[in-house]
Amino acid sequence: MASIHLQNIVKRYGAFTGVQHMSLDIQDEEFLVLLGPSGCGKTTTMRMIAGLETPTEGNIVIGGEVVNEIDARDRDVAMVFQGYALYPNMSIYENIRFPLRMRGVPAAEHDRRIRQAADMVELGSFLDRKPGALSGGQRQRVALARALVNEPRVLLLDEPLGALDLKLREAMQDELKALQQRLGITFVFVTHDQHEALSMADSLAVFNEGRIAQIGTPEDIYARPRTRFVADFVGSSNVLPPDVTRALGGPAHWASLRPESLRLTFGGPVTGTVTALRYLGAGSRVSVQIAGAELAAFVPAGQPLPEPGASVGLGFDMAALHVMEGA
Amino acid sequence: MASVRKTRGESLLLRYIVLGSWAAVCLLPILWFLTVGFRPRTEIITPQPIYWPNWSLDAWYLLTSDWPIAQYLRNSVLAVAGSVVIDLILAIPAAYALSRYEFKGREDIGFYILSTRMMAPAIVAVPIFFLFRNMGLLDTVWALMLIYAAINLSLVTWIIRSYMLDIPKELEDAARTDGAGDLTILREIIVPACLPGIITAAVIAAIFAINEFLFTLLIASTSKAYTMSVALANFTGGSDGVIYNAIALVSFLAFVPILILVILIQKHLSRGLTMGAVKG
């Protein structure tokens with residue numbers, strides 16, 4: 001149980017700067033998601049919290065203590081890795097036991113705690129198998145049990161669900177969220193999947209090129225992106241250049257407009273030509289050419305769809321047009 | 001159903017025929033060599049082809065009565081086993097450091113270690129003789145252990161290093177966040193994960209060591225330190241000429257320890273020799 005503060009962190013690799021003057025406050029028992037494209041510095045940030053990388057500048061404070069000089073093994077921070085990183089030569093039981101042995105937990109307690117951790121992730125019947133004999137989802141659970149067995153203050157998860165198929169991934173998302181609420185551990189979760197980020201986060205930090213582009217609640221970031229990058233990366237928003245914003249009745253500034261906020265009308269305030277249709281299951285995405293820009297509108301299933309080349313009107317609430325502060 | 005089983009049976013039969021033939025190709029020279037060891041000397045050197053050889057234990061009696069062959073075999077096994085142990089104790093930490101720690105000149109040091117292998121052994125023969133004489137280790141099995149270990153150390157380090165490079169870095173990161181230090185990681189994570197590579201390196205080192213001749217000849221001067229490879233030389237000249245059946249028998253006996261070693265660890269060895277290739 002601990003809060004984490006990153007104070008003006010810089011990480012350089014030779015001439016390349018991976019993380020640039022980053023400050024980040026993570027509250028105790030918070031579920032923070034770090035979201036961003038590959039190479040944006042989110043994993044590096046997480047590895048610095050874990051102690052696997054040392055910041056070039058700045059301080060990392062965990063639970064009120066500057067931990068820059070403290071080795072990863074002594075930070076009481078557990079981590080779940082993208083590739084699970086289970087020890088291939090040890091059984092599942094031994095894998096989960098490893099952190100207990102390393103931290104000098106009395107041997108008499110091992111069995112009880114291993115079984116408790118295994119039950120928490122519903123792994124009880126696999127304890128004597130080797131990691132090679134388990135499926136991806138089961139390995140994921142082992143990695144989680146191993147990370148949680150020592151009841152760490154902070155759990156770091158580096159794209160832990162990336163290798164799972166969609167259905168399993170959604171189930172694990174629910175489980176992780178429930179687990180975090182039950183245990184009250186601070187979770188820091190790295191992903192490049194915006195749906196995963198939006199559905200799991202208490203607080204969401206969007207990374208771009210080694211900086212935090214925006215941080216806030218998922219609702220806030222989805223509805224009020226501060227920059228074009230955030231609007232574009234979180235969900236599939238229409239990013240409007242100043243002249244298009246003006247043509248739609250807003251100020252001459254960059255703005256974002258979510259496809260689901262747009263309605264197709266017949267002869268609305270603005271009209272355009274349908275250029276493409278894409279079927280998405282729950283509805284269709286209709287691309288409309290308007291004022292020199294292409295906007296996407298989401299039409300729920302069951303509603304009539306225009307033909308490509310047809311002329312349609314677009315309607316929306318002015319409140320849905322979000323004018324961005326940054327460029 | 002029946003036809004399925006039949007084709008399966010046929011392909012299995014074919015497989016046995018192919019593999020059996022290949023096994024015969026590999027084994028025949030060794031078995032032929034063994035038969036040479038148990039035939040009279042006159043028969044071996046006759047130019048006439050002999051279809052039904054006569055068997056004789058001449059060579060065996062020669063070896064066991066005139067030569068302390070058991071002592072030679074013991075020296076060989078001790079020196080080889082000792083050298084492999086020394087190699088592993090030194091090479092595993094060295095390979096770990098070369099594969100994991102970032103330090104200046106890491107690649108250069110790695111190449112330097114390998115380059116010791118490229119030198120002609122004769123260049124260091126005289127210095128090594130004096131070195132061991134000054135240490136008072138001439139004509140001892142200890143000296144052979146050290147020499148064999150030194151000869152193979154670079155190769156063993158290099159092989160183990162290449163296996164360690166294949167182990168995902170994440171495993172170590174995980175162990176570190178789980179609370180393990182460097183030595184624990186090496187002992188509990190890295191060594192078990194590259195065990196096939198370590199075993200492969202050990203077998204290759206053992207084969208090189210048991211075949212070593214030049215330095216053994218230099219160090220050993222009595223049966224106290226003579227090994228099988230030097231014993232062979234006893235039968236290649238002298239007033240009796242070349243004693244082929246004794247050579248064959250000594251060679252076969254020298255081959256037995258390695259054969260036993262390979263059979264014992266066969267499972268790990270085949271995994272070790274192919275693992276690097278598959279991972280590419």
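We use all heavy atoms of the structure for the numbers below, so side chains are in, but hydrogens, waters and symmetry mates are not. In what follows, chains are A, B, ... by sequence order, proteins preceding strands, each numbered from 1.
Using a 4.5 Å cut-off between heavy atoms, A/Leu156 makes no contact with chain B at all. Both the backbone and the side chain of B/Glu188 come within contact range of chain A, each with at least one heavy atom under 4.5 Å from a heavy atom of that chain.
A/Leu155 CG to B/Thr177 OG1: the interatomic distance, rounded to the nearest 0.5 Å, is 10.0 Å. The distance from the CZ atom of A/Arg73 to the OG1 atom of B/Thr184 is 6.5 Å, given to the nearest 0.5 Å.
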**Message:** Under the criterion side-chain contact (heavy atoms from CB on, under 4.5 Å), I'd like the reasoning laid out for B/Asp173 against A/Met79: C-alpha separation, chi angles, the key distance, then a yes or no.
**Reply:** CA-CA 9 Å; B/Asp173 289 342; A/Met79 186 156 170; over 6 Å; no

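The two residues B/Ile189 and A/Asn89 come nearest to each other via the heavy atoms O-OD1, 4.5 Å. Closest approach of A/Pro88 and B/Leu171 over heavy atoms only: CD-CD1, 3.9 Å. Between A/Tyr87 and B/Ala174, the shortest heavy-atom distance links the atoms OH-C, 3.4 Å. The two residues B/Asp178 and A/Arg103 make their nearest non-hydrogen contact at C-NH2, 3.6 Å.
Chosen from A/Arg101, A/Met102, A/Arg146, A/Arg75, the residue pairing most often with chain B at heavy-atom distances under 4.5 Å is A/Met102.
Heavy-atom neighbours of B/Leu183 CG from other residues, nucleotides or ligands within 6.0 Å: at or below the threshold of 12.
In this structure a side-chain-to-backbone donor-acceptor pair under 3.5 Å is missing from B/Glu170 to A/Phe81.
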